[in-house]
Amino acid sequence: MDTTTHVTIGIGLAGLSFFDPTVAGNPELTMGILACTIIGSNAPDIDCLYKLKGNETYVQHHRGLSHSLPVIMLLATIIATIMTLFYSGSYFFTFFTWSLVAVFLHVIVDICNIYGTQALRPFTKKWLALNVLPIFDPTIMILHIIGFIAWGIGFPQALTFAFIYLLISCYVLLRILKARNILFALKQNSKDGETYTLIPTFSMNSWTVIASCEENYRLGKYEKDTITWLKRIEKTSDENQIIKAAKQNHFVHHLLQYSPYLHAKIVKIKDGYEVHWFDLRYQSRIDEPFVAIIYLDQQLNLIRSYVKRGLITVPEKI
């Protein structure tokens, strides 16, 4: 999810923390708990520091180790330890508990996006992604705002946010069921060997659909129980010598392991070739799309590469 959502969830968890007798019985802990939940809700994104080494390094490491089980525990421990120093060494377990809840929930909501996380490292480097929530979800934000208003006018904060998070849980479950129903309907009418992935939008009743078969990708929209196919993108042959040469780049190798929907576009330039690699799952700028560009000379030797933000140009319509 985006940073705004993570901060908002952090504030909501501070309200929920009043179920904890230690928090409820010690008003002086309120600011400390709030700091723990807000910082914890954003702590896994400490991997943004990789941007200092460039977009290529950042893309390779984002939502990887920093979102894994051992680091979840480590981050919660660090946050709680630092916060304890402001309270004369007391309340470590309370600060640790709510920091852990915040860090863990950050990883859970990120799994609900199309990007996913490597949450099960070090046991496996497999990416976990449910593809059911957009990077920013207005429904989740609106429910939090309702909770903040209720808190502000005097409703019990613990009960208020218990109810809010119950509603959000039901909402996410409905999205999961909706996605499964759509995929089931697609598979009932699928072509031989064609696979499908859904990309969530703001609305539960509107999804982007990617279909993949041996020869091409199809991009479409699901709306009002109807699939409309909008674009067709022919796959570049793995036997193409330019593509083979570009795949020797270590970053492209990483992308091919990470995404099943990587599309290559060859651009002839004066001194050789550019191969642009797009992840077709990223259909809007809010998803932080990227383009990996590999430069080859006339003899197909790797010259350089870089990563920039950008979307694939609109291909031919069906």
Side-chain angles (χ1 to χ4, degrees), residues 1-2 4-5 8-9 108-117 127-146 164-235 258-263 265 277-291 309-318:
M1 306 295 282
D2 70 319
T4 301
T5 302
T8 302
I9 291 174
I108 292 298
V109 295
D110 278 357
I111 288 174
C112 291
N113 300 149
I114 57 175
Y115 202 107
T117 76
W127 286 86
L128 305 177
L130 294 179
N131 300 343
V132 294
L133 291 177
I135 296 295
F136 175 82
D137 192 299
T139 300
I140 290 176
M141 184 60 66
I142 289 169
L143 287 172
H144 275 92
I145 291 172
I146 292 171
I164 292 298
Y165 287 123
L166 176 62
L167 290 178
I168 290 174
S169 298
C170 291
Y171 167 69
V172 173
L173 179 59
L174 285 174
R175 272 189 168 270
I176 292 172
L177 294 175
K178 183 75 172 182
R180 287 187 176 182
N181 288 338
I182 296 170
L183 287 172
F184 179 78
L186 284 167
K187 291 173 182 178
Q188 291 294 99
N189 301 288
S190 66
K191 300 178 180 179
D192 289 341
E194 194 166 51
T195 60
Y196 303 95
T197 294
L198 297 181
I199 309 301
T201 69
F202 289 163
S203 171
M204 194 188 309
N205 294 311
S206 178
W207 302 70
T208 297
V209 184
I210 304 177
S212 174
C213 64
E214 187 174 348
E215 298 84 13
N216 57 61
Y217 298 106
R218 290 189 294 159
L219 305 183
K221 280 285 186 183
Y222 169 90
E223 290 180 322
K224 299 178 180 178
D225 298 324
T226 301
I227 301 290
T228 303
W229 296 107
L230 303 173
K231 305 172 187 176
R232 183 190 302 273
I233 303 174
E234 298 300 322
K235 292 184 177 179
Y258 156 69
S259 174
Y261 294 108
L262 206 62
H263 173 64
K265 176 182 176 182
W277 296 87
F278 303 86
D279 191 328
L280 297 180
R281 296 174 302 170
Y282 300 106
Q283 298 289 310
S284 71
R285 296 198 177 277
I286 196 173
D287 294 328
E288 295 190 357
F290 60 85
V291 182
R309 289 175 59 88
L311 295 167
I312 188 169
T313 53
V314 179
E316 64 272 19
K317 292 186 177 180
I318 290 179

Examine distances only and state if a side-chain atom of Lys235 and a backbone atom of Cys213 form a donor-acceptor pair shorter than 3.5 Å.
yes
Main-chain N/O of Ile114 paired with Arg281 side-chain donor or acceptor, under 3.5 Å
yes
Interatomic distance, Ile111 atom CD1 to Leu133 atom CG [nearest 0.5 angstrom]
11.5 Å
Nearest heavy atoms of Leu280 and Ile210, plus distance in Å:
O-CD1, 3.4 Å
Kindly give the heavy-atom pair with the smallest separation between Gly116 and Ala129, and that separation in Å.
CA-CB, 3.7 Å
Nearest 0.5 Å, what's the CG-CD1 distance between Leu130 and Ile108?
8.5 Å
Where the side chain of Asp279 meets the backbone of Leu262, is there a donor-acceptor pair that is under 3.5 Å apart?
no
Return the CE to CE distance between Met141 and Met1, rounded to the nearest 0.5 Å.
8.0 Å
Report yes or no: does Arg175 contribute a side-chain atom to a donor-acceptor pair with the main-chain N or O of Val132 at less than 3.5 Å?
yes
Would you indicate whether the side-chain heavy atoms of Lys221 and Thr208 approach each other to under 4.5 Å?
yes
Whether the side chain of Asn113 engages the backbone of Tyr115 through a donor-acceptor N/O pair (distance < 3.5 Å, no angle test) should be reported.
no
Side chain to side chain, Val172 and Ser169, heavy atoms closer than 4.5 Å:
no
The reported gap from CG in Asn216 to NZ in Lys231 (rounded to nearest 0.5 angstrom) is 14.5 Å
Do Val209 and Ile227 come close enough that some side-chain heavy atom pair is under 4.5 Å?
yes
Does the side chain of Phe202 come within less than 4.5 Å of Phe136's, by heavy atoms?
yes
Decide side chain to side chain contact (heavy atoms under 4.5 Å, CB included) for Leu198 and Ile182; before the verdict, give the C-alpha distance in whole Å, the side-chain angles of both, and the deciding distance to 0.1 Å.
CA-CA 8 Å; Leu198 297 181; Ile182 296 170; 3.8 Å; yes
Distance in Å, Thr195 OG1 paired with Leu183 CG, rounded so as to fall on 0.5 Å steps
10.5 Å
Asn131 versus Trp207: any side-chain heavy-atom pair under 4.5 Å?
no
For Glu214, does the CD atom sit with more than 12 other heavy atoms under 6.0 Å from it, leaving out its own atoms?
no
What distance do Ser203 atom OG and Asp137 atom CG have between them, rounded to the nearest 0.5 Å?
10.0 Å
pair Phe184-Arg180: side-chain heavy atoms closer than 4.5 Å
no
Are Leu186 and Tyr222 side-chain neighbours, meaning at least one heavy-atom pair lies under 4.5 Å?
no
Is His144 close to Ile168 at the side-chain level, that is, under 4.5 Å between some pair of heavy atoms?
yes
